[in-house]
Protein chains: 2
Amino acid sequence: MKESPPPFPAPQEPDPLNKLLDLALTGGEQPRLRADAARNRTRLLEVAARLAAECGPGNLTMEAVASAAEVGKGTVFRRFGDRFGLMAALLDHHERELQAAFLTGPPPLGPDAPPVERLRAFGAAVIRHEYAHRDLYLAARADVSRRHTSPAHQLRLGHLCMLLRRAGTKGDIELLAQTLLGYLDINLVDHLVDRRGMSLDRLASGWGDLVERLVVS
Amino acid sequence: MKESPPPFPAPQEPDPLNKLLDLALTGGEQPRLRADAARNRTRLLEVAARLAAECGPGNLTMEAVASAAEVGKGTVFRRFGDRFGLMAALLDHHERELQAAFLTGPPPLGPDAPPVERLRAFGAAVIRHEYAHRDLYLAARADVSRRHTSPAHQLRLGHLCMLLRRAGTKGDIELLAQTLLGYLDINLVDHLVDRRGMSLDRLASGWGDLVERLVVS
DNA sequence: AATTTCAACGGACCTCGGTCCGCTTAGCTT
DNA sequence: AAGCTAAGCGGACCGAGGTCCGTTGAAATT
C-alpha cells in the first residue's frame with residue numbers, strides 16, 4: 001500500500017497531454033480563478049474525495065462538503081454548479097487516466113496497435129476501469145439528462161467513431177459507436193455483474209463478440 | 001379530435017391479456033385495495049395525468065397532485081411508493097398498448113411473423129412509441145437505478161431473447177439482447193433526434209442494420 | 001497608497017421528495 | 001348490530017439540493 005497517495009494533486013502547469021485534453025474536452029477556455037477561489041476549489045475537492053471515500057459517493061451531501069471544508073454552501077454550488085458537477089470534478093482525475101491510456105498509451109489500447117485490436121481493448125479497459133470506480137461513476141451518471149453531452153462521453157464516442165472508420169467499417173458509424181458505448185454503460189455493467197451475477201470476463205468477451213459483429217460488414 | 005377520451009379507464013374486470021400481463025409483470029399478487037383506496041388511486045391518476053399534460057411530466061410535483069386530488073401527500077406516497085412509482089403508473093396504460101402489440105398483435109410485430117421480421121419491427125415500434133410519449137418516458141426513466149429491474153424492461157428483454165433464439169442466433173443471447181435494448185433507450189433516442197438532429201427513420205434503419213449484424217452469426 | 005470593481009463568499013431561505021405517527025374507517029367476524 | 005383490527009389517511013416534519021442577495025476582499029488601475 002502506498003502511503004498517502006496525494007488525493008488531489010493541484011492542477012498547476014498541466015503537462016501537454018492534459019492541456020490537449022482540456023482543449024478537446026472543455027473547448028479550452030475556463031476563465032482562470034481568483035487565488036482564493038482556486039484555493040477553495042482544491043480544498044473542496046480534497047474534502048469531497050475524503051468524505052466520498054468514507055461514506056460512499058452516493059451519500060455525499062453538498063452541505064457536508066461545504067462545512068467540512070469550512071466554506072458556505074453557496075461557494076460549493078458556485079464552483080461546481082450542482083451535485084453532478086462536483087461528481088464530475090471528482091471523476092476527472094480517473095477519467096483522464098483512462099483517456100491518456102487510450103489516446104497516447106501503449107498498445108493494444110494506444111495508437112500503436114491496429115484499430116480492431118484497439119477497439120477490443122477499449123471495451124475491456126472501460127468496463128474494468130469504470131467497474132473499479134463504480135460507486136463514483138454510478139453517482140456521477142445518475143444524472144440522466146447530461147449523460148450524452150458530457151465531454152468525457154463525447155470523447156469516447158469520437159474515439160470509437162475514429163476506430164470504426166479506420167477499421168473500414170461500413171454503415172452508419174455514429175449509430176454503431178453509440179451502440180457500442182451503450183454496452184459500456186456503467187449502470188448496465190453494474191446490473192449485470194451485481195444483480196445477474198455475470199463476471200467481468202463474460203462482459204469483456206461479449207464486447208469482443210460485439211466488435212466482431214459490428215466492424216466491417 | 002375525440003371528445004373527452006376517458007383518461008383513466010378504471011381497471012375492473014381486466015381482459016385476459018391484461019391478466020396475463022399482470023402475472024408476467026408483477027408476479028401477479030398485488031393484495032387488492034380497500035374501496036376508498038381504489039377510488040383515491042384512480043382519482044390520483046386522473047389528476048396526475050391532467051397535470052402532466054398541462055405542465056409537462058417533468059414539472060409534476062407530488063404535492064400538487066395530492067392537493068389537486070384533495071388528499072394528503074402521504075396518500076400519494078403510500079399508493080405509488082415514490083415519484084417514479086407514480087410515473088410508472090402513468091405510463092402503464094401506454095406500455096400495455098405496446099406490449100399487447102408485440103405479444104399478441106398482428107404481424108410483423110406479433111407472433112404470426114418470422115422472428116427476424118418481428119425483431120426488425122420491434123425496434124421501429126419501440127422507438128416510435130417511446131418518442132411519441134417521450135416526455136413521460138423521460139420523466140419515468142430519470143430513475144437510473146431501477147432502469148434494468150422494471151417489469152416493462154424485463155419483459156422487453158425476455159422478448160428479445162426469445163426472438164433472437166428463435167432466429168437461430170449464436171452467441172451470448174442475453175448480452176446481445178441487452179445491446180439491442182440499449183439502442184432503444186429513450187434518452188439516447190431523444191438525444192440523437194433532438195440534439196443531433198437525426199430522423200426517426202434513420203434510427204429505425206440503424207436498428208434494422210443492427211439486427212442484421214447481430215442475428216445468427 | 002488610494003480607488004475602484006467585480007468575482008467570490010456565506011448563510012438565510014425556498015422547494016420538493018420522502019417519512020412518521022396518531023387518528024379514522026372499511027369491511028370482516030361474531 | 002356491535003366490536004375489532006388493520007389498511008388507509010393526512011399533514012406536520014425532516015433533509016438535501018439549489019437560489020438569492022447583501023457583504024467582503026483580491027487584484028487591476030491610477
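Just so it is clear: chains get the letters A, B, ... in the order the sequence lines come, proteins before strands, and each one is counted from 1.
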Trainee: Say whether, by atom type as modelled, one donor and one acceptor occur between the side chain of B:R118 and the main chain of B:L109 under 3.5 angstrom.
Mentor: yes

Trainee: May I ask you to say what A:L86 touches in the nucleic acid, namely base, sugar-phosphate or nothing, with a heavy-atom cut-off under 4.0 Å?
Mentor: nothing

Trainee: Start at the 5' end of DNA chain C and walk down; is the nucleotide closest to B:R39 or to A:V71 reached first?
Mentor: A:V71

Trainee: Under 6.0 Å between the ring centres of B:H94 and B:Y137?
Mentor: no

Trainee: So, is B:R83 close to the C:dG17 phosphate, meaning a side-chain N or O under 4.0 Å from OP1 or OP2?
Mentor: yes

Trainee: Any idea which of C:dC13, D:dA26, C:dG17 is nearest the A:A35 side chain?
Mentor: D:dA26

Trainee: Tell me: CZ of A:F77 to P of C:dG11, nearest whole Å?
Mentor: 15 Å

Trainee: Please tell me which of the listed nucleotides, D:dG18, D:dA26, C:dG17, lies nearest to the side chain of A:D36?
Mentor: D:dA26

Trainee: With a cut-off of less than 4.0 Å, is there a side-chain N or O of A:T75 near OP1 or OP2 of C:dG10?
Mentor: yes

Trainee: How many whole angstroms separate atom CG of A:D82 from atom C1' of D:dC20?
Mentor: 17 Å

Trainee: So does A:R79 get a side-chain nitrogen or oxygen closer than 4.0 Å to the phosphate oxygens (OP1/OP2) of C:dC9?
Mentor: yes

Trainee: Just how far, in rounded Å, is C1' of C:dC9 from CG of A:L33?
Mentor: 14 Å

Trainee: From D:dG8, D:dG17, D:dA26, pick the nucleotide closest to the side chain of B:A37?
Mentor: D:dG8

Trainee: So does A:N40 get a side-chain nitrogen or oxygen closer than 4.0 Å to the phosphate oxygens (OP1/OP2) of C:dC9?
Mentor: yes

Trainee: Write down the distance between CZ (A:F84) and C1' (D:dG18), rounded to a whole number of angstrom.
Mentor: 12 Å

Trainee: Return yes if some donor-acceptor pair links the side-chain N/O of B:T104 with the main-chain N/O of B:A100 below 3.5 Å, else return no.
Mentor: yes

Trainee: Tell me the interatomic distance from B:R41, atom CZ, to D:dA7, atom P, rounded to whole angstroms.
Mentor: 18 Å

Trainee: So which nucleotide from C:dA12, D:dC13, D:dG25 ends up closest to the side chain of A:K73?
Mentor: C:dA12

Trainee: Can you say whether a donor on the side chain of A:R34 sits under 3.5 Å from an acceptor on the base of C:dA8, or the other way round?
Mentor: no

Trainee: To the nearest angstrom, how far is B:F80 atom CZ from C:dG18 atom C1'?
Mentor: 16 Å

Trainee: Just by modelled atom types, is the A:L119 backbone N or O under 3.5 Å from a matching donor or acceptor in the A:W207 side chain?
Mentor: yes

Trainee: CD of B:E97: more than 12 outside heavy atoms within 6.0 angstrom?
Mentor: yes

Trainee: Map A:G74 and A:E63 onto DNA chain D by nearest heavy atom, then report which one ends up closer to the 5' terminus.
Mentor: A:E63

Trainee: Tell me: CZ of A:R32 to C1' of C:dC6, nearest whole Å?
Mentor: 16 Å

Trainee: Expressed in angstrom and rounded to an integer, what is the separation of A:M62 atom CE from C:dC16 atom C1'?
Mentor: 17 Å

